Asker: 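Input: one structure, supplied below.
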Amino acid sequence: MTRHIRHAAVFCALLLVALVVNAARVQIVQAPQYDGNPANRRPDIARYQQPRGDILVGGKAVTGSRDTGEHLRFERTYANGPMYAPVTGFASQAYGTTFLEHAEDGLLSGADPMLAPLPLWNDVTGAQNPGGDVVTTIDGAAQRAAFEGLDGRKGAVAAIEPATGRILALVSTPSYDPQLLSGNSAAAARTWNRLNDDPDKPMLNRAVSRTYPPGSTFKVVTAAAALDAGVVRDLDAPTRSPDPYTLPGTRTTLTNEADGCRDASLREAFEWSCNTVFAKLGADVGVADMTAMAEAFGFNDDGLRVPFPVARSTFDSSVDRAQLGLASIGQYNTRATPLQMATVAAAVANGGQARSPYLVERTLRAGGSLVAAAGSRPSHEVMRPSTAALLKELMTGVVERGTGSNAAIPGATVGGKTGTAQHGVGNSGTPYAWFVSWARGDGDLEPKVAVAVVVEGSAADRGGISGGGLAAPIARAVMEAVLGGVRQRALTGEVPDW
Amino acid sequence: MTKAGTGPGLTVAQADTPAPAAQLPRRRGVELALILMAVLLSVFGYCNVGLARHDALPPGAAGYGAGLGVLALLAHLAVRLRAPYADPLLLPIGVLLNGLGLVLIYRLDLETPGDRAAPAQLVWSTLGVGLFIVVVLLLRDHRVLQRYAYVCVAAALALLIVPIFFPAVNGARIWVRIEDFSIQPGEFAKVLLAVFFAAYLAANRSALAYAGRRVWRLQLPTGRVLGPIVAVWLVSVGVLVLERDLGTSLLFFGLFVVLLYVATGRTGWIAVGLVLASLGAVAVGWLEPHVHSRVEDWLHPFASIEAGDGPGQLAQSLFAFAAGGVTGTGLGLGHSVLIGFAVKSDFILATAGEELGFLGLTAVFLLYGLLVERGYRAALAARDPFGRLLAVGLSSIVALQVFVIAGGVTGLIPLTGMAMPFLAQGGSSVVTNWAIVALLIRVSHAARRGTPA
């Protein structure tokens, strides 16, 4: 019997060995495969088990985290969600992240290895860092002015500080409350479906993700090209342009809304937005110089990150002279994001030097120590400083005497350009009202803000759609908000927060 | 029956029994030290959970440690008093496994605040240790049980049949539930059946070994002794079909085959047993949907994910083991609760695997291995065939049960609902396992005591 007991014992030992070998298979050999299974919720649980870092505007968080006590513990909250949605995007447990929440996700979630106190520290200890904070360049007052100015109409506003490229406002309406998407509940799913089915596309970030035909606001670029190339040397000399203007090589004639564009000087043509003059100017400058100027302003660049990607603004370089004429007045294939047009105004305001726009001032660890600061971005010369000076003169004229008088601010120099862009098949769509501008307070040495506004008109006010009427007041409100803030800081001696 | 010319059982047994050993050292001091270590380890785990979850020692740490310590000391005193020669490892292993089980259940209670299982488990553990003490004190000689073999088998069958009259819980008809109070009679039946098998085989092993017709190389038994064996096989299949409890029937049958082999030394029995078991298992696996789905889950644990229904329990269990890796996440820091239903009972090992890692899991397996090994050692040292078979049977119950459930939750074999001895939530199981340890202590004491009883 002893022998058989030993046999049975060996059998039990074999069972034990089988268990240990199998445990090694599951826990060591196949573990990476199991860990990476999309149905395994552990990565999500780890991600949401601590509060997410915050996004700050003017020293105050516009985001927060709520402890739900569920498996996916912390949910994102937003203060003024719809107003800041184009900046923050959403951070959803079910639908991922967008915009800053996406671009800075590693930092906000705590996964970024830069947050670790020592290199490889977390790999050894298995600890997770608390999420870091993202300090934005947004000016809360300007953002509010833009959001309230648009007042729910379809449109977008982008504002930039010309000397630095800091984005001061980034608004898109109609907007949505990203907080409604934060969780993974049925309510979040309903909101998601509703927002996606909404024909007004509230989740579309019109300021950076959508391009519009820029219409007459593109004449700033055409004027810059004409002046830089020497096609026009004197703002007040007649341009010898006919009205109506027959596009070269075609029988299509171009007319103007305003009178007196025949042989108008560049100054008059800019102030009254003469299509005939600028179409001819563009054709005279030639496709090479026009394309070069547009690209210097940032067109045809699909690599721009602010830090989230910005849609490519386009200026078609493979055009005939007739198409070039149309392209030069912001039609045909010319398209621009509102942020791109704000960059155009900023480059003019900054003496011809363009700086790449950016949204993140600096990133901080949970304790407040610096992770990374926005270094000084390189600037590049878009046009000669003399050209920029002439353009500023032209743009100031638009506001003082021309189509942009609605943007005038007492106690400040404002330069602007209106635009009313046709679109759709046979220009059947409701036009877009544009306004791009910059402003310098009388006490300031340089312009403090450049802004671009686009309002998609509704069919009801088709007759009255114009850049000066719809868009310029919004631009003025944004510029006033920025200048007011600058003035206030100067008065109180407060050190600005950058 | 007397073909080999020997009398019933006992004579043969004495023939291959080792010569009486010299009196062995008692080693009660070693046992006490090991028990203290087991209690300290459990309290350490308990504190570890509290520190990991709340950055503070859990409020009941001292009370928990004191309670477990007092229970263990009482058990130790009983052993010291009435079974001073017993193996000094058996009791500390029981204490450590039970303490670890309480820690794991307490840890899982934190995830399910509405459903606390640790307090009840502590009460059941107390009852279990109480039963242990009673058995150690009152059962002066384990051979007395031999007399009650048929009482035992009758009681076991009754316990197995009772749950059929109660509603099924999650597909298995193995519970007796009155109000909130529920027990699993099948757990107690295991020990009773082990006693019966041991007694029956000790009495009839020579008949089984040598009587009957020889067909090719297999020695077939006569019909007279075959009867009870067929009856047991029918009971196993009956349990399987009527209660849908594949695990228990597997355990019964495995236990019987092991004991039959040890008693007779006939590999033919194993062949017959395996053929019968496979026939039964295959038939039921195909015909019974509950069992069939378990086999499908085992073959394709991620099928429900591919079907878009999210991970099933086995998939979640595998995720938990994988998340543990080599060193584990640390007590209190895993997410095995995702397994959902039965996370504190059948799937308790997944929590050990995730939070203690492969190393911790291996340590737990080795504890079981050690427990089984000490049981077999008692069997080898015992001088009476009944004691030997009883020790083998009880140890094999532990080994088979650990294999069936641990293999099930780690995807080695199809999953069958079963309690991990000592670790899993479940009063019946804890009490039964303490009874098993108590009986092993008795056999071991009798074996190691130098002078024959």
Side-chain angles (χ1 to χ4, degrees), chain A residues 1-50 67-74 93-94 122-128 130 184 189, chain B residues 12-13 16-18 205 258-259 261-265 302 304-305 310-311 315-316 318-330 333-335 337-338 353 357-358 361-362 365-366 368-369 372-373 376-377 379-380 385 388-389 391-392 395-396 398-400 402-403 406-407 410-412:
Chain A
M1 198 190 254
T2 304
R3 199 163 60 91
H4 302 136
I5 293 177
R6 289 189 195 282
H7 288 167
V10 168
F11 171 67
C12 291
L14 286 178
L15 293 185
L16 176 75
V17 169
L19 283 180
V20 172
V21 168
N22 184 58
R25 173 185 72 88
V26 172
Q27 298 200 272
I28 299 169
V29 179
Q30 295 196 327
Q33 185 192 330
Y34 292 156
D35 288 340
N37 191 303
N40 195 338
R41 289 182 82 199
R42 281 173 180 74
D44 283 345
I45 291 173
R47 175 182 165 90
Y48 296 110
Q49 77 175 6
Q50 60 179 9
D67 187 351
T68 63
E70 294 165 13
H71 268 309
L72 304 184
R73 193 165 154 200
F74 284 95
Q93 292 176 350
N122 293 355
D123 297 316
V124 176
T125 61
Q128 196 178 6
N184 55 356
Chain B
V12 177
D16 64 352
T17 300
R205 65 197 195 91
V258 168
L259 284 180
Y261 171 74
V262 170
T264 65
F302 298 128
S304 66
I305 297 173
Q316 288 284 20
L318 292 174
F319 289 162
F321 280 105
V326 176
T327 55
T329 61
L333 299 176
H335 300 288
V337 74
L338 289 171
F358 173 68
L361 189 65
T362 305
F365 283 149
L366 288 179
Y368 285 116
V372 173
E373 190 261 348
Y376 270 94
R377 203 158 279 267
L380 287 170
R388 307 188 114 200
L389 288 171
V392 167
S395 310
S396 303
V398 174
L400 287 172
V402 167
F403 179 75
T410 54
L412 182 61

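Each chain gets a letter, A, B and so on, in the order the sequences are listed, and its residues count up from 1. On a predicted model such as this, the values are computed, not experimentally measured, just so you know.
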Asker: As an exercise: rank B:Ala379, B:Gly353, B:Ala323, B:Ala322 by heavy-atom pairs under 4.5 Å with chain A and give me the winner.
Answerer: B:Ala322
Asker: Could you check which of B:Thr264, B:Thr329, B:Thr362, B:Leu338 has the highest count of heavy-atom pairs closer than 4.5 Å to chain A?
Answerer: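 When all of B:Thr264, B:Thr329, B:Thr362, B:Leu338 are compared, B:Leu338 has the most.
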Asker: Tell me, side chain or backbone of B:Leu412 under 4.5 Å from chain A's heavy atoms, or both, or neither?
Answerer: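 Its backbone and side chain both get close to chain A.
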Asker: If I measure from the heavy atoms of chain A, does B:Val337 come under 4.5 Å with its side chain, its backbone, both, or neither?
Answerer: side chain
Asker: Given that the side chain runs from C-beta out, which part of A:Leu19 has a heavy atom under 4.5 Å from chain B: side chain, backbone, both or neither?
Answerer: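 The answer is both parts of A:Leu19.
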Asker: Based on non-hydrogen pairs under 4.5 Å, which of A:Ala39, A:Pro32, A:Pro38, A:Ala13 is most in contact with chain B?
Answerer: A:Ala39
Asker: Measure A:Ala18 against the heavy atoms of chain B and call it side chain, backbone, both or neither at under 4.5 Å.
Answerer: both
Asker: Using a cut-off of under 4.5 Å for heavy-atom pairs, which of A:Leu16, A:Asn37, A:Ile28 has the most such pairs with chain B?
Answerer: A:Asn37
Asker: Heavy-atom distance under 4.5 Å to chain A: side chain of B:Leu318, backbone, both or neither?
Answerer: both
Asker: Counting only heavy atoms not in A:Arg42 (residues, nucleotides, ligands), do more than 12 fall under 6.0 Å from its CZ?
Answerer: yes
Asker: Under 4.5 Å from any heavy atom of chain B, what part of A:Ile5 do you find: side chain, backbone, both or neither?
Answerer: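 Both backbone and side chain.
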Asker: Under 4.5 Å heavy-atom distance to chain A, tell me which part of B:Val262 shows up: side chain, backbone, both or neither.
Answerer: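 Looking at B:Val262, backbone and side chain both touch chain A.
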Asker: Evaluate A:Val20 against B:Phe358 for side chain to side chain contact (heavy atoms under 4.5 Å, CB included), listing each step before the verdict.
Answerer: CA-CA 9 Å; A:Val20 172; B:Phe358 173 68; 4.1 Å; yes
Asker: What is the minimum heavy-atom distance between A:Ala23 and B:Phe365, and which atoms define it?
Answerer: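 Heavy atoms only, the tightest pair is CB-CE1, 4.2 Å.
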Asker: Could you tell me which portion of B:Tyr368 (side chain, backbone, both or neither) has an atom closer than 4.5 angstrom to a non-hydrogen atom of chain A?
Answerer: neither
Asker: Looking at every non-hydrogen atom in both residues, tell me the closest pair between B:Val372 and A:Cys12 and how far apart they are.
Answerer: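 So the two residues come closest at CG1-CB, 4.2 Å.
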Asker: Flag the one option from B:Gly334, B:Gly357, B:Gly310 with the top tally of heavy-atom pairs under 4.5 Å to chain A.
Answerer: B:Gly357
Asker: Calculate, to the nearest 0.5 Å, the distance between atoms CZ and CZ belonging to B:Phe403 and A:Phe11 respectively.
Answerer: 7.5 Å
Asker: In Å and rounded to the nearest 0.5 Å, what is the CG to CE distance from B:Leu380 to A:Met1?
Answerer: 11.0 Å
Asker: Give me each pair satisfying side-chain hydrogen bond (donor to acceptor under 3.5 Å, both in side chains) with a member in residues 19-29 of chain A, each pair once, sequence neighbours excluded.
Answerer: A:Asn22-A:Arg25, A:Asn22-B:Thr410, A:Arg25-A:Gln30
Asker: With side chain to side chain contact (heavy atoms under 4.5 Å, CB included) as the test, would you mind laying out the steps for A:Arg41 and B:His335 before giving the verdict?
Answerer: CA-CA 9 Å; A:Arg41 289 182 82 199; B:His335 300 288; over 6 Å; no
Asker: Select one option (side chain, backbone, both, neither) describing which atoms of B:Ala315 are under 4.5 Å from chain A's heavy atoms.
Answerer: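 Looking at B:Ala315, nothing touches chain A.
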Asker: Strictly by side-chain hydrogen bond (donor to acceptor under 3.5 Å, both in side chains), give each pair with a member in residues 6-20 of chain A just once, sequence neighbours left out.
Answerer: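 Qualifying pairs, neighbours excluded: A:His7-B:Tyr261.
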Asker: Measure distances from B:Leu333 to the heavy atoms of chain A and classify the residue's part below 4.5 Å as side chain, backbone, both or neither.
Answerer: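 Nothing of B:Leu333, per the 4.5 Å heavy-atom cut-off to chain A.
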Asker: Checking heavy atoms, do the side chain of A:Leu15, its backbone, both or neither come under 4.5 Å from chain B?
Answerer: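 Both the backbone and the side chain of A:Leu15 come within 4.5 Å of chain B.
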